[in-house]
Amino acid sequence: MKAKKWLVVLLSLAMAVCMGIGLAACSKKETKPDHTYATTWSHDATDHWHACTTHPNDTTDVKDKAAHVDTENGGDGKCDVCNADVTPPAPEHVYAEGWSHDATNHW
């Protein structure tokens with residue numbers, strides 16, 4: 001008789017845990033309508049992606065986001081995927097401490 005009571009208690013506990021997990025999952029899960037994405041690439045300085053056209057104001061809803069790659073064409077400064085300009089900025093100038101001069105000017 002004790003074994004039956006323990007079995008009932010354990011099964012009840014297992015059901016309660018499973019129901020809690022199921023309810024938590026249902027409350028956090030949001031179903032979205034089918035999305036469509038642009039066929040042209042959007043990009044910033046580091047990445048490219050296809051933007052969602054279903055919700056154009058949601059800038060986080062993107063597809064195929066990846067970093068720019070510039071390995072083809074001898075590293076021509078264009079992303080191989082989206083053709084964005086990925087030429088790194090020129091290094092900043094470093095000036096000498098002292099003055100330089102010639103016969104007429106100094107700098």
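- In this structure Asp80 satisfies the side-chain hydrogen bond (donor to acceptor under 3.5 Å, both in side chains) test together with Thr71, sequence neighbours excluded.
- Counted by atom type alone, His55 and Asp61 present zero donor-acceptor pairs between their side chains at under 3.5 Å.
- Here the SG-NE2 distance, from Cys79 to His48, works out to 5.0 Å after rounding to the nearest 0.5 Å.
- Taking CG of Asp47 as the reference point, atom SG of Cys82 lies at 9.5 Å (rounded to 0.5 Å).
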Side chain to side chain contact (heavy atoms under 4.5 Å, CB included) assessment of Lys78 paired with Asp85: CA-CA 5 Å; Lys78 297 285 185 185; Asp85 182 11; 4.1 Å; yes

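- Counting all heavy atoms, side chain and backbone alike, His68 lies closest to Ala45 at CD2-O, 3.5 Å.
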Using a 3.5 Å cut-off and no angle test, enumerate the donor-acceptor pairs between side-chain atoms of residues 92-107 and protein atoms at least two apart in sequence or in another chain.
from, atom 1, to, atom 2, distance (Å)
Asp102, OD1, Thr104, N, 2.9
Asp102, OD1, Asn105, N, 2.6

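- In terms of heavy atoms, Thr53 sits closest to Tyr37 at OG1-N, 3.9 Å.
- For Asn83, there are no side-chain hydrogen bond (donor to acceptor under 3.5 Å, both in side chains) partners at least two apart in sequence or on another chain.
- No side-chain donor-acceptor contact under 3.5 Å links Ser42 to the backbone of His50.
- In plain terms, the two heavy atoms of Val81 and Trp41 that are nearest each other are CG1-CZ2, 3.4 Å.
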